[in-house]
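First comes the structure, then the notes that go with it.
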Amino acid sequence: MAFERCSKNSKYQFTALQADINTVKPPVAPEVGDICITDLGNEYIFRAGAWQEHRMRYKDLGLVIDATNVPAGATVMSAIFTGLQWVRNARYLGACDQTHSVFGFPRDSSSVESGISALGASAQPSTGGANTFRAYTLTSAASTASSGVFGHGVRFQMKNEGASVASYAKMRVQLFD
Amino acid sequence: MTQLFEKLEANNLIEGNEIICSRYPNGDKHIAVDKETFNSYFGDTDGTYTQLVEVGEPLGYKPFFDEWKKKKIIA
């Protein structure tokens with residue numbers, strides 16, 4: 001599949017090889033809002049002069065962790081979420097009145113937690129209040145990739161890295177596929 | 001600490017390297033602390049309720065030590 005303009009009846013305006021996105025000039029100039037589908041099934045939207053990853057679908061897990069009086073050095077965990085399909089990215093919102101770190105531990109089909117912790121922003125300083133959330137982007141501890149694959153299931157965790165008890169420790173998560 | 005860890009294990013409060021402070025109603029772990037962190041705070045105590053609370057109350061551990069005392073895990 002080369003970089004091509006689609007017919008007017010198509011859902012997409014362009015098709016392209018994944019490697020050609022932002023490296024090869026399309027046959028005709030795209031307009032803002034045009035959607036391109038690649039050979040790997042990824043969708044891109046044309047914005048600000050470039051193709052940007054187009055995330056239309058997401059799962060919102062809502063309230064995941066809502067704990068009070070978490071001891072210093074202790075970790076509070078969410079329930080285990082299973083039955084997840086292909087999840088490429090996650091966005092955390094966290095609120096804690098102590099320095100803390102957040103994790104998402106993927107699980108394989110045998111419910112074994114994988115060895116690599118999916119690490120969000122670490123050493124978060126104290127925030128303004130119980131409902132002042134800070135956004136995190138998932139980052140793999142093993143690489144600088146900005147997305148992570150959860151696959152079959154995941155458990156989220158928030159660790160109190162401070163030297164005092166955390167009055168509150170809250171996390172909400174959105175998963176993007 | 002070894003003796004305390006053995007008693008915690010006998011009461012199903014150790015999972016791998018973690019001490020379970022509380023569980024969800026379905027039995028899954030909710031709040032836990034790893035043994036190394038626990039040792040760093042309490043390793044110099046004699047493992048009795050009094051000394052554990054003296055060190056642990058400002059850190060937020062007293063409610064869990066109260067539970068352990070009720071279950072006769074610590075004296």
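Chain naming here is simple, since letters A, B, ... match the order of the sequence lines and numbering starts at 1 in each.
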Shared hydrophobic cluster, A/Val165 / B/Leu52 (ILVMFWY, side-chain heavy atoms < 4.5 Å):
no
Find out if a path of hydrophobic residues (ILVMFWY) with successive side-chain heavy-atom gaps under 4.5 Å connects B/Ile74 to B/Phe38.
yes
Check whether B/Phe64 and A/Val76 end up in the same hydrophobic cluster, where Ile, Leu, Val, Met, Phe, Trp and Tyr are linked by side-chain heavy atoms less than 4.5 Å apart.
no
Could you list each N or O donor-acceptor pair linking chain A to chain B at a distance under 3.5 Å?
residue: A/Ala72; atom: N; partner: B/Leu59; partner atom: O; Å: 2.9
residue: A/Ala72; atom: O; partner: B/Tyr61; partner atom: OH; Å: 2.5
residue: A/Thr75; atom: N; partner: B/Ala32; partner atom: O; Å: 2.7
residue: A/Thr75; atom: O; partner: B/Ala32; partner atom: N; Å: 2.9
residue: A/Met77; atom: N; partner: B/His30; partner atom: O; Å: 2.7
residue: A/Met77; atom: O; partner: B/Tyr24; partner atom: OH; Å: 2.5
residue: A/Arg155; atom: NH1; partner: B/Asp28; partner atom: OD2; Å: 3.3
residue: A/Arg155; atom: NH2; partner: B/Asp28; partner atom: OD1; Å: 3.4

Measure distances from A/Ala79 to the heavy atoms of chain B and classify the residue's part below 4.5 Å as side chain, backbone, both or neither.
backbone
With clusters defined by side-chain heavy atoms of hydrophobic residues (ILVMFWY) lying less than 4.5 Å apart, directly or transitively, does A/Val70 cluster with B/Val53?
no
Give, for atom CE of A/Met77 and atom CD1 of B/Ile20, the distance between the pair rounded to the nearest 0.5 Å.
6.0 Å
Side chain, backbone, both or neither: which part of A/Ala163 has an atom under 4.5 Å from a heavy atom of chain B?
backbone
Same cluster for B/Val33 and B/Leu59 if Ile/Leu/Val/Met/Phe/Trp/Tyr side chains link at under 4.5 Å?
yes
Min side-chain heavy-atom separation B/Ile31-A/Pro71 under 4.5 Å:
yes
